[in-house]
Amino acid sequence: MRTAVVVFPGSNCDRDVKNAILDVGLGPVDMVWHDEERFPERPDLVVLPGGFSYGDYLRSGALAAKSRIMNAVRAIASEGGLVLGICNGFQILTEAGLLPGALLPNTNLRFICSKAYVRVERSDTPFTNAYIAGQIALFPIAHHEGLYFLPPDELKELECRNQVVFRYASASGSAEVGEKYSPNGSLNGIAGIINTEGNVLGLMPHPERATLKCLIWGIDGRRFWQSVGDHFGALGGLR
Amino acid sequence: MNYRDAGLSDSEYEKIKEILGREPNELETALIGVMWSEHCSYKSTRRLLSKFPQSGRHLALGPGENAGVVDCGSGWGLAFKVESHNHPSAVAPYQGAATGVGGIIRDILAMGARPAASMDGLFFGMPDSGKSTALAEGIVEGVAGYGNAVGVPTIGGKTFYDPCFEGNPLLNAFSCGLVRLDKIVSSKTARPGDLAVLLGSKTGRDGIAGASFASKELDTDNRESRGHIQIGDPFEEKLLIECCLDLLEYNLIASMQDMGAAGILSSSSEIAHKSETGIEITCERIPLRESMEPWEIFLSESQERMLLIVTPDKFEAVKAVADHYALECVTVGLVTDDGRYRVLRGKELIADLPIGILGDAPTVDWPVKTPPDLDSRRAKPKNVKSLDHMRDLRMLIGSVHGRCREDIWTQYDCQVQLRTAVEPGEAVSAIMLPDSDALVVFSMEAEPWKCRTDPFSGAAETMAQSIRTLALCGADVLGMTNCLNFPSPENPENFYDLSECVSGLAAVCRDMGCPVVSGNVSLYNETPRGGIYPSPLVVTVGLVPHYGYFVSGGSALPGDVVYLTGPVLASLGASRWQVLCGESAYAKPQGATSPYDAKMEEEFVLRAIASSRKAGVRSARVIAGGGLAVALAKEIIDSGVGMEIDLAGLDPTETLFGEGGPRAVYIVPQDNEEKFIRVWEGFPLTRLGQASGTSLVIDGIGTLSMDSLRSEYFGGAEH
């Protein structure tokens, strides 16, 4: 399984994503500079990592969405390849129109870095097949603009199409979800969504930050990468 | 420019004329003035600082470079340093703090290290004052805004509140970076014929003469000082980090230096001075944002710039890497062989100084006077009996000094780079060493109240506490860095405090074999309302050879046994209890803390490390602010298990609330009690009780439920 991690100027989770993917035994990972026309080799998975692309000046993700590499990312997405945006990457995907909605400033108007509990709403996506639907996972968050917003009609449509993959949940482990558990005010407690075709996923929490052992905030993110590996049969049934 | 405007005294100016054999011109006066400022030259403290031990088993590179480096094993070095940005943060809190973080990160980068983790030392006025709250919020947002965007995690810190910091907040920025030991960059490696290359931002009028500004007291109205404040751009810095690390990886540069205080002037003169060469800089080659006079260009502290020393054959390759990151990269000068610092404007020579005059500022010996009130400050506080221990404990836990600081640290990205091994808010911070099972651990300490009442024992306690904290979690000490935050040294009593504090820190470092690898001095922390208490801050770095040895708090299980190691009684002098609950609510700190006892400290450290490796302890914490009572309460809050404690007739106030000296709480499974007792043989050890239930029960004293402890500690926030 070949992964390409796009590096924008100001990306800062690019290496972390690579390390997490390599740690679960999935490789190779190419680091691809934003200025490239195309990927050096066709990737199975493209990751737009977290960070502050272009300093998040103007608006988070807005400038990165216009980067040269984004044409190639669009092409991969339209051919059915997997595209994943984490945190700033999610913001870029919405700015690029590859996912609906927008990420607005957190309701407390502050950067929030903390543990977050999410309920995995679907286990039938290439990114979540190793989880059980309804399962609670601890995924860390670290962002200033994470309030997922859509106008009411479109939000209803998004829910009807079952596009919400991760929803913020109670820390108590009761599997209760909803807006009141959104650390950032996200509508309907939305933490991550997928496109209707099921190959482009964006989420604010960082699965790569819950992958390596011996670090804070657990390893609930390992299954995220294992899901992708399984999807491509790259793990050979090993876990 | 008049020499006095350049910050030079009459005698300093005479000395300059004597060295040059002529009058310096205006530009030269400005250049010498800023290099001889307190901030750049450490002229008041250089002699004091020589008391610090500068050698040690794990030292790879001592003071003298941008940061010190210790050997962590497996070929990895850790470069680290703490630096103040107090004055700028007092005037423009967000930018002052942001550029403080940016500056220390460039210091680490200049060593060739990838900046890997930061911490912040924050000293604020009381939060009930509107001005203090605004300053505190701005400073925290500045640390967050810069650190988060630049991709260096802020993994911990220290927050201290006292009215003496009102209008005079302190921001001490610590950063560390990982470097292969054989790839450390030195500023001694420039050779004649090399090019001086400026990489990064254009030079503008921001932060002109910030170094001189930081070498004076603050005025009541600081608006005029705004021109001294630098503006930070973490995006540019992130590119600078990646670019410089690429240049090093491709072996393209001979040396580099960050541009901090006194910008181009100090970076270029330092490299020439340390490399024993000369250097000439051509004014008009420096990319400018606006039209500027030569003295402004040389003193500008515009951020996000690095000075590279490059052999001419490699310049094109360097330029190509810079282009990749869209960074400006221009040759601005030439390393020469004649020991002169020259500034050219076109063909015109507008400054020509011997390099030594910039690098070797004369020292100043301020008069010292023992403060006449020292004995009364040290005298034991009155009324040292608590009337209601449980009420006092609630107050200590719920006060701004004791409660959970997550309102601050949740604003910091503590996880980026995937090395963080301890959650912020703990007594130690830690990162995993790459390709290894070892943990690098950090302890940041400051005790302004104790340094105020007795500067020697207060500073010794500060240092000893940071070493104990590391030992308790299982770490061998590698080295320390410090930031000496003090009021004006020109007041002889202040200079006494400064000198005693340095002696206190130095004594502990010597006794415990802890080299001082780097540091920073911030004087003149005064406003017309008064000066700050002596506030030396230390960051001590240690290594736990395997993560499996790491011991921390919060793991007590029902049935475990609770032990106190160390003296049962400790001093209430300048303790949190004395200030908050003593004679009056919020009294001035009064009374010396527990005296420093080198032998006891050594014995403690040996046993604490042994405990982590072979005593099978469950949980442990060093006794610090608020004393034993607060340590027990925090263990209950973190572990979710109550405790039944019996003080067996000991004086409850001193036992529960006393501070200072090597004391710790250990939670030991019953099965391992024998092993544990064997490790601590020959050291005071008291069995206090057992973990059980859901309350803190102190026999004959009172009871507090876990819920009430939690609600005090978290201040009503959901957990």
*Asks:* So among A:Phe166, A:Tyr168, A:Phe224, A:Tyr117, which one has a side-chain contact (heavy atoms from CB on, under 4.5 Å) with A:Pro205?
*Replies:*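 Answer after filtering A:Phe166, A:Tyr168, A:Phe224, A:Tyr117: A:Tyr168.
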
*Asks:* Could you check whether A:Arg15 pairs with B:Glu242 (Lys NZ or Arg NE/NH1/NH2 to Asp/Glu carboxylate O, under 4.0 Å)?
*Replies:* yes

*Asks:* Side chain from CB out, backbone as N, CA, C, O: work out which of these in B:Leu418 comes under 4.5 Å of a heavy atom of chain A, or both, or neither.
*Replies:*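 Contact with chain A is through both the backbone and side chain of B:Leu418.
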
*Asks:* Go through the atoms of B:Asp233 and report whether side chain, backbone, both or neither lie under 4.5 Å from a heavy atom of chain A.
*Replies:*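 When you check distances to chain A, atoms from both the backbone and side chain of B:Asp233 fall under 4.5 Å.
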
*Asks:* Could you look at A:Ser11 and say if it's the side chain, the backbone, both or neither that has a heavy atom under 4.5 Å from chain B?
*Replies:*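 Answer is backbone: N, CA, C or O of A:Ser11 sit under 4.5 Å from chain B.
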
*Asks:* Checking heavy atoms, do the side chain of B:Tyr547, its backbone, both or neither come under 4.5 Å from chain A?
*Replies:* side chain

*Asks:* Which bit of A:Leu212 is near chain B, if near means a heavy-atom gap under 4.5 Å: side chain, backbone, both or neither?
*Replies:*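 The side chain, not the backbone.
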
*Asks:* Would you call B:Asp413-A:Arg209 a salt bridge at under 4.0 Å N-O?
*Replies:*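 Judged by the 4.0 Å cut-off on N to carboxylate O distance, B:Asp413 and A:Arg209 do form a salt bridge.
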
*Asks:* As an exercise: rank B:Glu141, B:His324, B:Glu237 by heavy-atom pairs under 4.5 Å with chain A and give me the winner.
*Replies:*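 Ranked by heavy-atom pairs under 4.5 Å with chain A, first place is B:His324.
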
*Asks:* Judged by modelled atom types alone, do B:Thr154 and B:Ser118 share a side-chain donor-acceptor pair under 3.5 Å?
*Replies:*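 No.
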
*Asks:* Please determine whether a side-chain nitrogen of the Lys or Arg among A:Lys18 and A:Asp14 lies less than 4.0 Å from a carboxylate oxygen of the Asp or Glu.
*Replies:*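 Salt bridge: no.
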
*Asks:* Let me know if B:Glu137 has heavy atoms under 4.5 Å from chain A in its side chain, its backbone, both or neither.
*Replies:* side chain

*Asks:* State, yes or no, whether a side-chain contact exists between B:Phe442 and B:Val422 at a heavy-atom distance under 4.5 Å.
*Replies:* no

*Asks:* Is A:Tyr57 in contact with chain B via its backbone, its side chain, both, or neither, using a 4.5 Å heavy-atom distance?
*Replies:*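 A:Tyr57 touches chain B through side-chain heavy atoms alone.
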
